[in-house]
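Written out below as structure tokens is the structure these notes cover.
All chains are named by letter (A, B, ...) in the order of the sequence lines, taking the proteins before the strands, and each is independently numbered beginning at 1.
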Amino acid sequence: YDSFKEKDEL
Amino acid sequence: MNIFRLLGDLSHLLAIIILLLKIWRTRSCAGVSGKSQILFALVFTTRYLDLFTNFISMYNSAMKLIYLVCSYATVFLMYFKFKATYDSNHDTFRMEFLVVPVGGLAFLVNHDFTPLEILWTFSIYLEAVAILPQLFMISKTGEAETITSHYLFALGSYRALYIVNWVFRFYTEGFFDLIAIVAGCVQTILYCDFFYLYITKVLKGKQLTLPA
């Protein structure tokens, strides 16, 4: 799970 | 980035600035829960550690920095500069009752068992409940200043707008993050009672007072 790829939300 | 997400971020920013300006202009933090503000500072600190590891965009980094600086400034004003006006007698919610269970849950339910991911999860869960000391304080005193209700309305709207953003993202990108969605819904539900009072009282020009 590459979560930080998707953590563009604040 | 879609319009709901952008409005959510701006609403969040507006809330933070309303609170800072209220404290600065009135030279007083009466009616504001310092416990909630400490919890929000903790939320931002544990969530935005990726500022050092991952660059997403200028917008993303700038907003994270602004949220962090403003939340620490608020805590500083409350506990140092205007400490004499801080209403600690009514701010009696115990922070450990939130931080400890939320920390346990973040260890148990997360996307990935890594330090940064657990801290991110902790911040998402903690944010959902961080407003409780403030709501508890209002229920104790039975009232809130109008400017404080504007702050709470903007702060509550932010997560509600994020929920619309998540629905939008699910249908347009197939993206969803269950941890953020569930916590975001819990967070928004906690504000429902307040939203009702805000719409029925504050928007009609009255002060927010709780029914006896």
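Within a 6.0 Å radius of OH in B:Tyr59, more than 12 heavy atoms belonging to other residues, nucleotides or ligands are found. Within a 6.0 Å sphere centred on CZ of B:Phe55, other residues, nucleotides and ligands contribute more than 12 heavy atoms.
Contact annotation for residues 190-203 of chain B against chain A (heavy-atom separation below 4.5 Å): no residues qualify. Residues of residues 145-166 of chain B that come closer than 4.5 Å to chain A, counting heavy atoms only, are B:Tyr158, B:Arg159, B:Tyr162, B:Asn165, B:Trp166, ordered by residue number.
Within the 4.5 angstrom heavy-atom criterion, only side-chain atoms of B:Asp9, from C-beta onward, approach chain A. Interface remark: B:Phe44 contributes no atoms to any contact with chain A (heavy atom separation under 4.5 Å).
Between the CD atom of A:Glu9 and the CE atom of B:Met63 there is a distance of 13.0 Å, given to the nearest 0.5 Å. The line from NE2 of B:His111 to NZ of A:Lys7 is 5.5 Å long, rounded to the nearest 0.5 Å.
You'll find the side chain of B:Arg5 reaches within 4.5 Å of the side chain of A:Leu10, heavy atoms only.
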